[in-house]
Each structure stands twice: as C-alpha cells, then as structure tokens.
Amino acid sequence: MAWLNSLRKRDDCLLYQERAIFYHNPIPGWLRLLVGLVGGLTPLLPLGYFLSHWLQIDWSNPPALLFLGIHTLFLCLLPIAIIIFSLWFAGLAMSIELRINAVTNEVVLTRRNLISQQVTVYSLDRIEITKVGLPAQNPDYDQPFVTLQMPDGLKVDICSFMRDHEAKECAGRINQFISEARATTLK
C-alpha cells in the first residue's frame with residue numbers, strides 16, 4: 001500500500017496549533033474515478049475472451065481439466081476479483097480526518113466514504129502510540145509514519161512526513177498531550 005500513500009501524500013494535511021493537532025488524509029475523487037474505471041473495465045477483456053472460448057469448446061472431445069482450470073482461474077476468477085476490489089475502493093474506501101485536542105482532552109476521528117460518514121470521539125488519555133516507523137532505523141519503511149491505536153482497537157497511521165525528525169516531533173507532541181491528559185484524569 002506504499003504506492004497508495006505516495007499518491008495520497010500530496011493531499012495529506014498535518015497542522016499543528018498550540019494545543020491541538022489536525023490530520024486530514026483524503027482519497028481524491030480523481031483517484032476513486034481512475035481506480036473505478038480502469039479496475040472495473042479493463043478486466044472485462046479477459047472475461048470476454050474466456051466466455052467466447054468457453055462457448056466454442058467441443059464438449060464431445062473436451063480439453064484437459066488442467067487447461068480449463070488455469071483458464072478459469074486467470075481469465076475468469078482473477079478479473080472478477082479485480083473488478084470487485086476496484087469498485088469497493090472507488091466507493092467504500094475511507095478518507096480520514098483526525099483532530100487531537102489537548103484543551104478538551106479528546107480525539108475526534110472522522111471516517112468518510114462516498115456513502116457514509118462515521119464520527120467517533122475518544123478520550124485523549126486512552127489513546128496510545130503503538131509505532132513510530134522511521135526509514136533510517138528500518139529500511140523496510142518507505143516513509144516515516146506514526147501509528148495511533150484507539151481504545152476500540154482501530155489503528156490510524158499518520159503518514160504525511162517527509163523526514164524522520166518530523167515524525168519524532170509529532171510523536172513527541174502527541175505523547176506530551178497524552179501524558180498531560182492522563183495526569184489530569186488522575187487528579
């Protein structure tokens with residue numbers, strides 16, 4: 001999914017205010033349209049080829065079962081799976097908006113797709129930073145990111161960093177907000 005993050009990266013928005021952090025990661029309309037059209041229409045070609053050859057099979061002398069199985073897998077099932085995934089992404093993939101507010105000690109997570117919008121409010125003291133991925137420390141990572149885990153188990157990746165120190169700074173600010181929220185709830 002690194003290619004998806006790189007396509008979406010220029011639309012990402014990470015804003016710092018004095019006592020708040022705002023992160024917005026939209027799925028652009030052009031990307032939804034491109035994936036929906038290309039992924040929905042291109043696999044129709046092998047599907048049409050499969051159906052035209054399937055109808056021309058002489059069933060009195062059928063071809064080998066392996067030949068039919070391979071053709072069914074690669075020319076029928078795989079294109080149908082690609083069509084389903086493309087249409088799912090075009091219609092149901094979620095755009096994320098995250099607001100971390102240290103003044104009110106709450107985190108507001110808004111997830112949107114073309115059909116619905118889900119707004120969830122969490123207490124800031126129950127949020128955890130589960131991972132800070134830095135390419136300098138682990139070459140498997142393409143870009144720096146910070147992963148937050150919500151109390152209900154949902155994980156949100158903040159991926160709009162260009163350099164490692166930006167991710168460390170963001171994680172430090174979030175950690176500071178969380179520790180301040182935990183300190184106020186213990187009083």
Side-chain angles (χ1 to χ4, degrees), residues 1-40 82-138 140-182:
M1 294 296 261
W3 63 272
L4 180 62
N5 284 334
S6 65
L7 282 176
R8 294 167 60 172
K9 189 174 194 106
R10 65 186 174 113
D11 293 328
D12 282 5
C13 177
L14 182 65
L15 299 174
Y16 296 104
Q17 293 177 347
E18 188 174 323
R19 303 289 297 149
I21 296 174
F22 173 75
Y23 175 66
H24 182 64
N25 187 354
I27 297 179
W30 65 266
L31 184 59
R32 287 184 190 268
L33 185 64
L34 180 71
V35 170
L37 287 176
V38 172
I82 291 171
I83 290 171
I84 290 170
F85 173 75
S86 300
L87 295 179
W88 170 85
F89 178 82
L92 300 177
M94 295 282 190
S95 295
I96 294 173
E97 186 176 295
L98 181 72
R99 296 174 191 266
I100 302 172
N101 192 343
V103 175
T104 60
N105 287 340
E106 66 181 14
V107 176
V108 179
L109 176 65
T110 306
R111 295 177 291 166
R112 290 188 184 106
N113 61 21
L114 292 178
I115 299 171
S116 67
Q117 174 177 331
Q118 300 170 350
V119 178
T120 311
V121 179
Y122 302 102
S123 176
L124 183 57
D125 60 338
R126 300 185 62 212
I127 304 298
E128 294 180 20
I129 297 177
T130 56
K131 185 184 280 187
V132 178
L134 304 173
Q137 294 177 354
N138 189 345
D140 292 339
Y141 300 136
D142 293 336
Q143 62 188 16
F145 65 92
V146 175
T147 302
L148 300 177
Q149 184 165 2
M150 305 300 159
D152 59 0
L154 185 71
K155 291 185 178 181
V156 176
D157 288 333
I158 300 176
C159 309
S160 63
F161 308 109
M162 293 295 183
R163 294 178 186 81
D164 290 358
H165 69 87
E166 294 172 356
K168 288 179 187 177
E169 177 187 332
C170 179
R173 286 185 90 166
I174 293 172
N175 220 359
Q176 177 188 359
F177 291 164
I178 291 171
S179 61
E180 288 174 4
R182 288 182 179 157

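- Counting heavy atoms from C-beta outward, Asn113 and Ser95 have side chains that stay 4.5 Å or more apart.
- In terms of heavy-atom proximity, Ala171 sits nearest to Val132 at CB-CG2, 3.8 Å.
- Counting heavy atoms from C-beta outward, Val146 and Lys131 have side chains that stay 4.5 Å or more apart.
- The distance from the CD atom of Glu180 to the CG atom of Asn175 is 10.5 Å, given to the nearest 0.5 Å.
- Taking CG of Leu92 as the reference point, atom OG of Ser116 lies at 8.0 Å (rounded to 0.5 Å).
- Looking at heavy atoms from C-beta onward, Arg173 lies out of side-chain contact with Ile100 at the 4.5 angstrom threshold.
- The minimum heavy-atom distance between Arg182 and Ile127, with the atom names listed, is NH2-O, 3.3 Å.
- Taking CG of Leu148 as the reference point, atom CG of Leu109 lies at 9.5 Å (rounded to 0.5 Å).
- A 4.5 Å side-chain heavy-atom check between Val156 and Arg111 finds every atom pair outside the cut-off.
- Taking CG from Asn25 and SG from Cys159, the interatomic distance works out to 6.5 Å, rounded to the nearest 0.5 Å.
- Contact check for Asp164 versus Pro135: side-chain heavy atoms found under the 4.5 Å cut-off.
- Going from atom CD of Glu106 over to atom OG1 of Thr120 covers 12.0 Å, rounded to the nearest 0.5 Å.
- In the displayed structure, Gln17 atom CD is contacted under 6.0 Å by at most 12 heavy atoms of other residues, nucleotides or ligands.
- Ile83 and Gly40 get closest at one heavy-atom pair: CG1-O, 3.8 Å.
- Counting heavy atoms from C-beta outward, Phe89 and Leu31 have side chains that approach closer than 4.5 Å.
- Taking the six-membered ring for Trp and thresholds of 30 and 60 degrees, Tyr141 and Phe145 have ring planes more than 60 degrees apart, a perpendicular arrangement.
- Once rounded to the nearest 0.5 Å, the distance linking CZ of Phe161 with NZ of Lys168 reads 12.5 Å.
- With Arg99 contributing its side chain and Phe22 its backbone, the two residues share no donor-acceptor pair below 3.5 Å.
- Arg32 contributes a side-chain N or O that, together with a main-chain N or O of Ala93, makes up a donor-acceptor pair within less than 3.5 Å.
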